[in-house]
Number of protein chains: 4
Amino acid sequence: MVPGRGVDEVMTKAQSHVNGVLPGEEGLSGKELRRQERFLAILEAAGEAFSTKGYHRSTMEDVALRAGVAVGTVYLYFPGKEALFVSLLDHLAQQLLGAVVEARSRVQGVLAKLGASIAQAVRVFAANRSQARIVLIEAVGASPAIDEKLASIHTLLAELVERDLREAVEEGLIPGQDLDISSKALVGTCYEVILGHLRDGRPASLEGSVPALLDLVFRAIGAANRRDPQ
Amino acid sequence: MVPGRGVDEVMTKAQSHVNGVLPGEEGLSGKELRRQERFLAILEAAGEAFSTKGYHRSTMEDVALRAGVAVGTVYLYFPGKEALFVSLLDHLAQQLLGAVVEARSRVQGVLAKLGASIAQAVRVFAANRSQARIVLIEAVGASPAIDEKLASIHTLLAELVERDLREAVEEGLIPGQDLDISSKALVGTCYEVILGHLRDGRPASLEGSVPALLDLVFRAIGAANRRDPQ
Amino acid sequence: MVPGRGVDEVMTKAQSHVNGVLPGEEGLSGKELRRQERFLAILEAAGEAFSTKGYHRSTMEDVALRAGVAVGTVYLYFPGKEALFVSLLDHLAQQLLGAVVEARSRVQGVLAKLGASIAQAVRVFAANRSQARIVLIEAVGASPAIDEKLASIHTLLAELVERDLREAVEEGLIPGQDLDISSKALVGTCYEVILGHLRDGRPASLEGSVPALLDLVFRAIGAANRRDPQ
Amino acid sequence: MVPGRGVDEVMTKAQSHVNGVLPGEEGLSGKELRRQERFLAILEAAGEAFSTKGYHRSTMEDVALRAGVAVGTVYLYFPGKEALFVSLLDHLAQQLLGAVVEARSRVQGVLAKLGASIAQAVRVFAANRSQARIVLIEAVGASPAIDEKLASIHTLLAELVERDLREAVEEGLIPGQDLDISSKALVGTCYEVILGHLRDGRPASLEGSVPALLDLVFRAIGAANRRDPQ
DNA sequence: GATGAATGAGACTTCATTCAT
DNA sequence: GATGAATGAAGTCTCATTCAT
């Protein structure tokens with residue numbers, strides 16, 4: 001049995017399916033390269049704007065100015081404001097998943113991988129408050145389409161956690177439990193901890209909370225001892 | 001020592017201080033009664049509108065129509081759209097706190113009270129999806145002022161949980177732990193579970209999840225056995 | 001020949017015709033007296049409001065509050081905001097004319113009466129900046145009906161001046177001239193001098209300007225010497 | 001000594017400083033030219049609307065329709081309705097000053113220049129009743145910001161007159177006098193004469209009044225004989 | 001007569017999106 | 001492809017006026 005395979009396959013798949021906005025980076029002609037750059041510049045500009053002023057209070061001109069392009073140009077890359085935000089969410093979800101996959105690959109054992117995932121997710125958001133704001137605050141309730149995207153990200157994360165948990169149960173590492181509840185609890189816990197961090201504005205404090213967070217999480221799912229989960 | 005006293009005092013205070021929008025219900029003259037009724041009608045209309053179409057997609061006309069009054073009338077009761085939403089949040093927070101206080105009064109022991117609080121909170125939202133949508137989705141990121149109000153509600157809830165936890169630790173019912181993290185975890189867990197329920201649309205399923213949710217929560221905080229927590 | 005008679009007859013007529021808003025003050029029953037008082041209270045409140053915030057920026061509620069009555073009550077005394085302003089202008093014109101008539105009665109000779117009129121008009125406005133603001137600034141361009149009223153006041157004043165001038169010409173006190181121009185010049189001169197005073201905000205300076213103003217005016221109409229105009 | 005220099009320097013300065021809305025007309029690229037045209041079209045449309053319906057009764061849509069553009073376009077050129085009016089006043093003041101400067105350049109001697117200024121100012125307004133309405137009626141009391149602009153125009157005109165008068169006094173052409181009063185009297189006289197013209201609606205009559213007006217003005221300031229003022 | 005809550009038409013302004021250059 | 005001027009629909013809020021109490 002290859003511990004952790006299940007999740008990682010899904011994540012890799014998830015990562016590449018997202019929506020084709022990032023068509024890989026090899027073999028680009030000059031033109032495609034320029035397009036790629038602009039695409040990312042606009043996406044980042046949108047990230048800045050949305051995280052600073054919020055989705056509804058940001059205008060397409062805000063985004064264009066930050067990206068150093070004209071308003072019309074934004075529409076050459078994205079069909080509209082809503083789609084731009086959806087793409088931005090995709091982009092951020094990608095980055096998050098990428099970092100998590102990488103973190104998982106460095107440890108062995110389902111529970112270690114789960115812990116690494118959680119720790120990494122928290123760290124990513126701790127390191128980038130704008131991203132956190134966008135995903136946790138600005139995207140929520142912004143529009144039906146955006147909500148849907150956000151829900152799909154939440155669902156994806158919960159499913160990944162659930163998969164790890166299922167594997168852990170199968171391996172006898174944790175007791176049987178309502179996996180749906182447990183996975184949501186883990187996601188929601190991370191959500192709220194990061195949110196608290198965003199609100200207080202205490203700078204690096206989140207990093208320090210990671211051990212306590214992991215302790216709590218492992219206790220919650222019934223893992224004997226997180227310090228030696230393997 | 002009177003278990004649970006600390007929290008309940010705070011909650012009652014919180015409840016009554018909120019912001020004076022509901023000046024009590026006894027001894028109202030005809031006019032004051034009419035005003036009270038209209039106030040609530042508009043608040044409920046706002047609840048309907050905001051939960052259905054979202055804050056930014058609802059117009060003051062939507063609210064007025066649902067309340068059966070003219071647009072100008074809404075402005076006789078609330079200074080503006082944002083203030084209307086803030087009042088609505090206050091109102092909903094009040095209701096939630098009231099239900100929780102009541103539920104707590106029916107059981108003995110800190111952990112039982114904590115469990116009753118969580119169960120009740122989840123049930124309130126399960127019974128009223130609109131309220132849940134407003135508080136958990138539509139209010140998030142709606143505007144700086146609304147965000148602030150929402151944050152104050154989150155903080156209040158987390159503090160209440162933290163107070164129970166502290167008491168439980170002091171009484172030796174649960175081991176020492178990072179109470180900040182634990183309280184946030186509990187709030188976030190409820191948040192995500194309710195959110196999942198909102199998204200799926202499975203009607204009464206949330207009720208059924210309460211036992212599993214409580215099991216998980218008590219495990220997370222290290223309570224020996226939730227069925228007999230004292 | 002009775003110098004000055006012509007004008008004074010007209011003024012007295014003008015005063016009583018204005019528009020019947022002040023139905024005399026003798027023989028009022030208690031009810032009529034109360035009505036009279038409220039009428040004046042509202043008129044004065046309107047004067048305060050309009051001179052402070054301007055016609056368009058004053059609301060009927062502003063007026064009602066200052067008058068110490070309810071909004072609806074204002075409508076019991078005046079058919080609407082515009083009519084209220086028109087009545088206010090009438091009222092102020094009345095006061096001005098009354099003061100002028102009184103000043104004229106104290107001197108002999110057309111030119112002396114003309115000089116006394118001008119001096120008195122300037123003094124009235126100097127003493128009451130609000131009145132000046134209303135007549136010279138806030139009423140201008142406020143609405144077609146108000147404009148018309150204002151024009152009628154201007155015309156009345158110009159006609160009165162013209163009548164004095166005509167008499168002076170007939171009496172050989174001043175040379176023949178375009179009386180229409182001369183009378184307008186006199187009115188406009190007063191207008192601008194008072195306006196300058198309103199703008200600068202120099203308190204009592206206007207009083208001091210009266211002699212220079214009269215000198216200029218008498219020079220303008222060709223009177224030999226204002227100090228001994230007869 | 002170069003008679004009239006003082007005033008003309010000031011006027012030219014005043015003219016060019018006004019507020020940069022008309023950035024000169026030479027060397028415009030196609031785009032700048034188009035912008036300039038639109039700017040003027042909107043300004044003229046505003047002039048039409050404001051002079052016809054008054055400031056408060058004109059809507060931005062009125063202005064846009066008359067200019068043949070969309071409402072939003074107006075906001076590309078002016079930050080708001082009030083600023084639009086202020087710009088319009090600037091524009092009209094510019095035109096007036098330009099015409100006056102030109103008229104002054106055609107005669108020699110302070111008093112001749114003063115007379116030419118007055119005559120030209122009256123003629124400009126006589127030829128363009130809309131402009132006159134805007135400056136003399138609609139702008140008055142329209143809003144604090146507009147009032148301020150209007151006051152600055154009044155002050156500018158009075159100062160220019162005062163400068164001429166001072167020069168005339170220095171040259172011994174007129175006797176010493178209260179120059180502040182005299183200059184205001186001249187401005188006010190013109191004001192009222194033009195206003196009377198606006199109200200009667202007698203078409204070309206104003207032109208005919210100019211000689212009588214000048215006679216009066218020169219008499220007022222004590223100039224020996226206006227037909228040969230030098 | 002007096003009140004003031006209710007009305008609803010209407011204004012200003014914003015901003016996502018389009019399209020001629 | 002890129003630009004950014006132009007568009008115009010839509011939203012919030014104000015306030016003169018009415019009318020039930």
Side-chain angles (χ1 to χ4, degrees), chain A residues 31 34-35 38 55-65 67-84 143, chain B residues 29-32 34-35 38 42 56-65 67-84, chain C residues 31 34-35 38 55-65 67-84 143, chain D residues 29-31 34-35 38-39 42 56-65 67-84:
Chain A
K31 236 180 206 167
R34 173 141 192 79
R35 185 167 175 82
R38 287 229 154 158
Y55 176 65
H56 281 103
R57 285 170 297 288
S58 299
T59 69
M60 291 301 262
E61 201 191 348
D62 285 333
V63 174
L65 280 176
V69 299
V71 193
T73 306
V74 178
Y75 284 85
L76 294 175
Y77 289 83
F78 302 91
K81 192 185 182 186
E82 195 175 55
L84 171 58
S143 92
Chain B
S29 77
K31 237 178 207 166
E32 279 166 336
R34 176 153 185 73
R35 183 166 178 84
R38 284 249 155 138
I42 294 170
H56 280 103
R57 283 169 299 290
S58 299
T59 69
M60 291 302 262
E61 201 191 348
D62 285 334
V63 174
L65 283 176
V69 299
V71 193
T73 305
V74 179
Y75 285 88
L76 292 178
Y77 290 83
F78 302 92
K81 191 185 182 185
E82 196 176 55
L84 171 57
Chain C
K31 237 179 202 169
R34 175 145 188 78
R35 188 168 173 81
R38 286 229 156 158
Y55 176 66
H56 281 102
R57 284 170 298 289
S58 299
T59 69
M60 289 303 260
E61 203 193 347
D62 286 334
V63 174
L65 281 176
V69 299
V71 193
T73 305
V74 179
Y75 283 85
L76 294 175
Y77 290 83
F78 302 91
K81 193 186 183 186
E82 196 176 53
L84 171 58
S143 90
Chain D
S29 78
K31 239 179 205 164
R34 176 156 185 72
R35 184 166 178 83
R38 284 248 153 142
F39 183 92
I42 293 170
H56 281 103
R57 284 170 298 290
S58 299
T59 69
M60 291 303 262
E61 202 190 349
D62 285 334
V63 175
L65 283 177
V69 299
V71 193
T73 305
V74 179
Y75 285 87
L76 292 177
Y77 290 83
F78 302 91
K81 193 186 180 184
E82 194 176 56
L84 172 56

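Lettering follows sequence order; numbering is per chain, from 1.
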What's the shortest heavy-atom distance between L84(B) and V74(B), and which atoms? CD2-CG1, 4.2 Å
Within-4.5 Å side-chain heavy-atom neighbours: K81(A) and Y55(A): yes
Nearest-nucleotide check on DNA chain F, G72(A) vs R35(A); residue mapping nearer the 5' end is R35(A)
Just the rounded figure in Å: distance from P of dG10(E) to CG of D62(D). 13 Å
If we only count heavy atoms from C-beta on, is the M60(B) to Y75(B) side-chain gap below 4.5 Å? yes
Touch class at under 4.0 angstrom, heavy-atom based, for R38(D) against every strand present: sugar-phosphate
In whole Å, I'd like the distance from the CD atom of E32(B) to the C1' atom of dA5(E). 14 Å
So if I take every side-chain heavy atom of Y75(C) and compare against dC13(F), dG4(F), dT17(F), which nucleotide ends up nearest? dT17(F)
Base, sugar-phosphate or nothing for T73(D)? Non-hydrogen atoms, less than 4.0 Å. base
Minimum side-chain heavy-atom gap D62(A)-T59(A) below 4.5 Å: yes
Toward the 5' end of DNA chain E, which comes first, A70(B) or E61(D), by nearest nucleotide? A70(B)
Which dot-bracket string describes DNA chain E (Watson-Crick N1-N3 plus N6-O4 or O6-N4, or G-U N1-O2 and O6-N3, all under 3.5 Å; [ ] crossing; | other strand)? .||||||||||||||||||||
Please report the closest heavy-atom contact between R38(B) and Y77(B), naming both atoms and the distance. CB-OH, 3.3 Å
Whole angstrom value for the distance that separates P of dG4(E) from CG of L65(C): 10 Å
Considering only heavy atoms from C-beta outward, does the side chain of S143(C) approach that of R57(D) to under 4.5 Å? yes
From OH of Y55(A) across to C1' of dC15(E) the rounded distance in Å is 12 Å
Distance check needed: dA16(E) C1' versus R57(A) CZ, whole Å only. 17 Å
What is the distance, to the nearest angstrom, from the CG atom on L76(D) to the P atom on dC15(E)? 13 Å
Tell me whether the side-chain N/O atoms of Y77(D) come closer than 4.0 Å to OP1 or OP2 in dA6(F). yes
Output the rounded distance in Å from CZ (F78(D)) to P (dT14(E)). 16 Å
Other residues, nucleotides and ligands only: do more than 12 of their heavy atoms fall within 6.0 Å of CD on E61(A)? no
What's the closest nucleotide to the K81(C) side chain, out of dT7(E), dC12(E), dA16(F)? dA16(F)
Whole-Å distance, H56(D) NE2 to dA16(F) P, equals 11 Å
Whichever of G80(B) and V74(D) has the more 5' nearest nucleotide on DNA chain F, that residue is V74(D)
